[in-house]
Structure formats: C-alpha cells, structure tokens
J.: 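Once you've had a glance at the structure underneath, I'll fire off some questions.
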Amino acid sequence: MTMLEARNLTMQFGGLTAVSQFNLTLSQGDIVGLIGPNGAGKTTVFNCLTGMYVPTSGEIHVLGKRVDGLSPHQITRLGMARTFQNIRLFKDLTVFDNIRIAFHYQAQYNLASAILRLPTFRREEQSISEKTNALLEIFGLYDHRHEIASSLPYGDQRRLEIARALAANPKILLLDEPAAGMNPYETQELTTLIQWVKDEFELTVFLIEHDMRLVMGLCQRILVLDYGVTIAEGTPREIQSNAVVVQAYLGEEAL
Amino acid sequence: MKGGMVRGRSLSPASSRIAAWIAGALAVLCLALVNVGVYTYRIDFYFTGILVVVMINIILAVSLNLINGFTGQFSLGHAGFMAVGAYASALLTIYMEWPFPVVLIGAGIISALIGFLIGLPTLRLRGDYLAIATLGFGEIVRVVILNLKITGGPRGLGGIAPKTTFFIAEIVAILTVIIFSNIVKSSHGRAFVAIREDEIAAEAMGIDTTKYKVLAFSIGAAFAGIAGALFAHHQMFIDPRSFTFTRSIEILVMVVLGGLGSISGSIVAATVLTILPEALRGIAQYRMIAYALLLIGLMLIRPQGLFGTKEIGDLFRLGQRQGNEGRRAQADGGEGQ
C-alpha cells in the first residue's frame with residue numbers, strides 16, 4: 001500500500017528553485033533515506049511534505065489523500081509525524097509534558113468536560129499518562145521524566161523528539177537528521193532504535209541523514225538530492241558505486 | 001529502576017497532591033477570615049469596596065494570563081474587553097432589567113464574541129505587532145464608546161444598580177480561578193502552553209494553533225467582560241476614562257509580576273497591587289513612587305515574576321526534591337489530575 005507519494009514536487013522561493021520535480025513513493029514498511037550536500041533542499045522537501053511550506057507545484061498524497069495546501073496539524077492528524085533538524089522540543093517543559101502534549105489531538109474530551117472534571121476527562125488523562133509513561137520506558141527516558149527537556153544531554157533530547165513524534169500516533173515517520181551531533185556509539189544505538197521502533201509500531205520511515213553509517217545500515221532505498229534535483233535513486237550499494245553521487249557528495253573516503 | 005539516582009526535581013504525585021491540598025486549605029482559610037470580617041462588619045464599608053476591586057482584578061489578571069502567560073500571545077487590549085462587558089452589562093441592567101447573573105453571562109458572551117472577531121485576524125501577528133494591534137483595538141473601543149449616544153459618550157453612564165456585592169464578586173472570582181485552573185491542567189491547557197513554547201512544533205504535533213490562539217483570546221475576553229460587568233455594578237457609574245490604555249497596563253503588570261503562566265501568581269499579584277496603593281496612603285504623595293520602586297525592585301530580583309510558571313502547590317515541593325524513588329513507579333497514574 002502506498003503510504004506517501006510526491007509527484008513532481010517543486011518549491012520555489014522567488015527566483016530560487018529549492019526543489020525541482022521531486023518524486024517519491026513510500027510503501028508500507030519502507031525505510032528510505034534522503035541524502036545530499038548542505039543546501040541541496042532536503043529539509044525543504046520535508047517542509048513541503050509536512051505542510052510547513054505550500055509547494056509551488058506538484059502533488060502530495062498521504063495514505064491516498066491529497067495533502068498539499070493542508071496545514072501541518074491536519075497532515076499530522078492524517079498519520080505523518082516528524083522531527084526537526086535543530087531539535088524543537090518544548091524546552092522549558094518537563095520530559096513528561098513534552099510527550100503528553102503530542103497526545104493532544106487524540107484526547108477524546110472537550111473543554112466543558114475538562115472544566116467540570118467529568119469522568120471522561122479523568123479516564124482520558126489517565127490513559128494519556130499511561131501511554132506517555134510506556135513511551136518513556138521504551139526510550140529509556142522514564143527516570144528523567146520530571147526533568148526539564150533542555151536539561152537533558154543532547155542524545156537524549158534527540159530521542160525524546162522521536163518519542164514525541166511517535167506519541168502523535170503516526171503511520172509515517174519523518175526524521176530530519178536524527179543522528180546529528182551524536183557520537184559513533186550513540187549513532188549505533190539510534191540505528192538499532194529506529195529499526196526496532198519501525199518494526200514495533202509498523203511505521204514507514206523517511207529520513208534525512210548525513211551519517212553514512214546510519215543511512216547505509218538502515219535504508220532499503222536512498223534518494224540523492226543536489227541543488228534541488230534528484231540525481232540518483234537506488235539501494236545503498238548502488239548509491240555507493242554511483243559515479244555522479246560520489247562526485248557530488250560522498251567524496252573519496254566513503255567508498 | 002535503573003541506577004537508582006534521582007536527578008533534578010522528581011517527586012511522587014502523592015506528596016504533590018498533599019502540597020496542593022495544603023495550599024488550597026490555606027487559601028480557603030484566608031478567604032474565610034475575610035468573609036467573617038466582612039459579615040461581622042469588622043472590615044469597614046470602604047475596605048470591603050477595595051476587596052470587591054481585588055476580586056475584579058483577580059478575574060482580570062487570571063483571564064489575561066491565559067492569553068499572555070499560558071498561550072504567549074502578547075495582548076494589550078484587556079481594558080477594551082472589560083469596557084465592552086461593562087457597558088453591555090450596564091445597558092442590559094438599565095434597559096432590559098435582566099437579573100444580575102444573566103447580565104454577567106450576557107456580558108461574558110458579548111465580550112467573547114468581540115474577542116473572537118478581533119482574535120481571528122490579529123492573532124496572525126506575532127509579538128510586538130500583536131501588542132500594537134490589540135492596543136489599537138482597546139483604543140477603538142474607547143473611542144466608539146466616547147461617540148455613541150447610548151453609552152452617554154464622554155459624560156458616562158450613571159444610575160447602574162449596585163448589584164455587585166462582595167459575595168457575588170467573591171463567588172465569580174472563585175469560579176474563574178477554578179475554571180482557568182481546570183482548563184490549563186487539561187489537554188487543552190497543554191495545547192496553549194505548547195503554542196507559547198514553540199508554535200511550529202505545536203503545529204507539527206497536531207495542534208490547531210490558530211484555533212487555540214483564538215480560543216484563548218475569546219475565553220480571556222469573556223472573563224474580562226464579566227469583570228467589567230462586576231466593575232460597572234460596583235461603581236454604579238462608568239465612563240470611557242475607566243478603560244484607557246493605563247488600565248490594560250495595570251492588568252498586565254499584575255500578570256507579569258505574579259508570573260506569566262501562574263494562576264496563583266496572578267491572584268497574589270492582583271491582591272497585593274490592589275491593596276498596596278491603599279496601604280501606602282499614609283505616605284501620601286510619595287505612594288506612587290514607592291509603588292513604582294517596588295515594581296522595579298521586584299522585576300530586578302525576580303524577572304520571571306513572583307511565581308514564574310509555578311503554582312502555589314509546586315512551591316511546597318521545593319523542600320523535598322530528593323528521594324521517593326521507590327514509590328514513584330506505582331504512584332504514577334494520577335498525574336493527569
């Protein structure tokens with residue numbers, strides 16, 4: 001089943017074409033990487049897919065529903081959550097509250113039952129707390145749950161952001177440089193975690209990453225973007241031996 | 001339990017609930033003493049009047065805090081909503097002769113509608129721009145009132161029945177505090193806070209940020225309107241000078257001083273800042289200087305406000321940051337409440 005599809009996606013900022021004729025098809029259970037040099041337009045692709053930008057032209061379909069032009073919260077509710085390149089946690093809130101907020105749209109009670117503290121409210125809040133704690137356990141953040149998010153070590157903040165995205169109950173998970181700033185050991189752990197989370201939550205994953213070990217170890221397919229144009233697509237092995245890609249991006253030592 | 005080390009502040013929900021109970025009990029005790037004072041006439045008529053204003057200011061500060069403190073949308077238009085409520089309620093009492101509770105609700109609904117209409121376009125603006133737009137709204141309300149016939153223009157509107165008793169003001173203030181506490185401690189409240197913390201992330205987490213900003217604005221406006229109605233029926237006379245920009249600033253000062261994002265803080269600050277000028281009457285002409293110096297001093301010592309984003313219940317916890325590791329696991333479920 002096609003989870004996410006982009007057809008001829010183009011994004012222009014004034015005279016600058018950041019992304020040109022981008023095509024993507026993700027099927028259930030896929031794990032696909034998007035790589036490319038700095039400024040290639042990778043994050044722009046993410047921002048278009050998640051509704052942060054309205055693409056200049058092209059179509060985006062999430063689970064068969066056309067989403068270009070919808071606002072980000074509507075797209076999230078359809079089943080696609082993301083993380084950000086420069087970590088956008090709710091910095092001054094606790095780890096626990098960061099996750100709880102992401103359960104917001106699934107909370108089945110209205111303002112009146114919150115004000116009157118009706119049984120529905122208590123039941124839903126109870127269930128949100130339980131689900132939050134379960135997620136925190138999975139990500140090994142349970143013991144830190146009353147700490148302020150910005151006080152966590154960098155690697156934990158990255159993991160918290162992924163946990164928060166999962167709390168939004170996605171079917172498709174978009175990760176924007178999940179391993180950025182991590183040491184090789186943490187990256188290794190993260191690779192295992194992403195693979196595990198993908199299987200456990202039956203996700204389809206699309207990720208941007210500079211760390212080649214993570215990309216090559218994790219992804220079934222890789223797309224390479226350079227100056228907004230898709231210059232290659234294929235398995236990790238094909239990408240590694242693709243002359244155009246090597247020239248544009250990977251450099252000698254990656255081979 | 002991994003490692004067994006407790007970092008930062010962690011505490012069992014059970015003891016935090018006890019702390020909240022203690023804080024609540026203290027508040028009830030204070031209020032009971034005040035009530036005894038009022039009804040046995042130990043507190044004189046003049047000071048009872050000031051206590052009514054305290055209650056009105058608590059409603060104003062708590063409702064503005066939802067907009068400015070919890071949702072992080074900097075509004076300077078609260079006096080405008082208060083004016084709408086004051087005039088609407090006065091007219092309802094004078095011409096329609098509705099019972100007072102209905103008038104209060106009516107004033108709230110009218111102000112909420114205006115808040116909704118104003119919020120929809122202006123909340124697209126951020127920070128300073130929103131502040132200027134809401135400031136403009138407040139001035140427009142004042143100028144409109146100044147030029148309408150039905151509002152009495154600059155001469156004001158008199159002969160409003162004195163229906164705001166201490167009892168009514170107190171009840172409405174308590175209800176306001178309960179309603180707002182319950183809102184902020186719910187998923188809806190967390191949506192407001194998420195918008196303050198990071199609007200883009202909030203949107204990415206499935207929160208309809210436009211809806212929630214307008215919602216905060218409308219709820220805040222509704223209660224400003226109710227406060228205005230209480231004010232009108234307390235003063236028995238209103239004119240546009242009661243609802244100038246200075247009034248908005250006064251409310252804002254209460255919110256900032258108490259702590260943006262703390263309901264307890266707004267209550268304490270509204271109480272202190274209403275009673276203080278009266279308490280300082282002894283030093284006559286210097287009292288406003290003393291008042292100003294106090295504000296500056298407090299902002300230098302505690303820029304985050306008296307309470308920061310904490311509530312009274314949280315302050316009781318400070319002494320017991322450590323420990324309780326073993327008990328945490330079982331006690332978790334109740335955290336939502």
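Worth knowing before you read on, the calculation uses all heavy atoms, side chains too, and leaves out hydrogens, waters and symmetry mates. Chain naming here is simple, since letters A, B, ... match the order of the sequence lines and numbering starts at 1 in each. On a predicted model such as this, the values are computed, not experimentally measured, just so you know.
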J.: For the pair A:R88 and B:E203, find out whether any cationic side-chain nitrogen is under 4.0 Å from an anionic carboxylate oxygen.
T.: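 Salt bridge between A:R88 and B:E203, a charged N being under 4.0 Å from a carboxylate O: no.
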
J.: In Å and rounded to the nearest 0.5 Å, what is the OG to CD distance from A:S127 to A:Q106?
T.: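 Rounded to the nearest 0.5 Å, the OG-CD separation comes to 9.0 Å.
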
J.: Does either side chain, that of A:N47 or that of A:T44, offer a donor lying less than 3.5 Å from an acceptor on the other one?
T.: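 Looking only at side-chain atoms, A:T44 and A:N47 do not form any donor-acceptor pair under 3.5 Å.
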
J.: Supply the atom-to-atom distance A:L24 CG to A:L34 CG, rounded to the nearest 0.5 angstrom.
T.: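 It comes to 8.5 Å.
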
J.: I'd like to know if A:E186 pairs up with A:R158 as an ion pair, taking the criterion as any Lys NZ or Arg NE/NH1/NH2 lying under 4.0 Å from an Asp or Glu carboxylate oxygen.
T.: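 Looking at A:R158 together with A:E186, the answer is no, because their closest N to O distance does not fall below 4.0 Å.
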
J.: Taking heavy atoms only and a threshold strictly under 4.5 Å, list by residue number the residues of residues 206-227 of chain B that touch chain A; give 'none' if the list is empty.
T.: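 If one takes a 4.5 Å heavy-atom cut-off, the residues of residues 206-227 of chain B near chain A are B:G206, B:I207, B:D208, B:Y212, B:L215, B:I219.
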
J.: Atom OG in B:S264, atom CD1 in B:I267: separation rounded to 0.5 Å?
T.: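 Interatomic distance, B:S264 OG to B:I267 CD1, rounded to 0.5 Å: 6.0 Å.
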
J.: Is it true that the NZ or CZ of A:R82 lies under 6.0 Å from the centre of A:F84's six-membered ring and within 45 degrees of the ring axis?
T.: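 Yes; both conditions hold, so A:R82 lies above the ring face of A:F84.
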
J.: At a heavy-atom separation under 4.5 Å, does A:T50 approach chain B through its side chain, its backbone, both, or neither?
T.: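 For A:T50, there is no contact with chain B at all, as no heavy atom is under 4.5 Å.
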
J.: Relative to chain B, which of A:E161, A:H104, A:Q74, A:R77 shows the most heavy atom pairs under 4.5 Å?
T.: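 Sorted descending by pairs with chain B, the first entry is A:H104.
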
J.: Looking at side-chain heavy atoms only, is the closest gap between A:C48 and A:F22 below 4.5 Å?
T.: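 A side-chain contact is absent here, since even the closest heavy-atom pair is not under 4.5 Å.
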
J.: Can you tell me which of A:L111, A:I148, A:T94, A:D97 forms the most heavy-atom pairs within a distance under 4.5 Å of chain B?
T.: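 Max contact count across the listed options: A:L111.
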
J.: What part of A:F90 gets closer than 4.5 Å to chain B, counting heavy atoms only: side chain, backbone, both or neither?
T.: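 Contact with chain B involves both backbone and side-chain atoms of A:F90.
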
J.: Examine whether an atom of A:A102 lies under 4.5 Å from a heavy atom of chain B, and if so say whether it belongs to the side chain, the backbone or both; otherwise answer neither.
T.: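 Both parts, backbone and side chain.
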
J.: Heavy-atom cut-off 4.5 Å, strictly under: side chain, backbone, both or neither for A:M80 against chain B?
T.: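 A:M80 has no heavy atom closer than 4.5 Å to chain B.
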
J.: Could you state the interatomic distance from CD (A:E200) to CD (A:E202), rounded to the nearest 0.5 Å?
T.: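 That separation rounds to 8.5 Å.
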
J.: Let me know if A:I128 has heavy atoms under 4.5 Å from chain B in its side chain, its backbone, both or neither.
T.: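 For A:I128, side-chain heavy atoms alone lie under 4.5 Å from chain B.
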
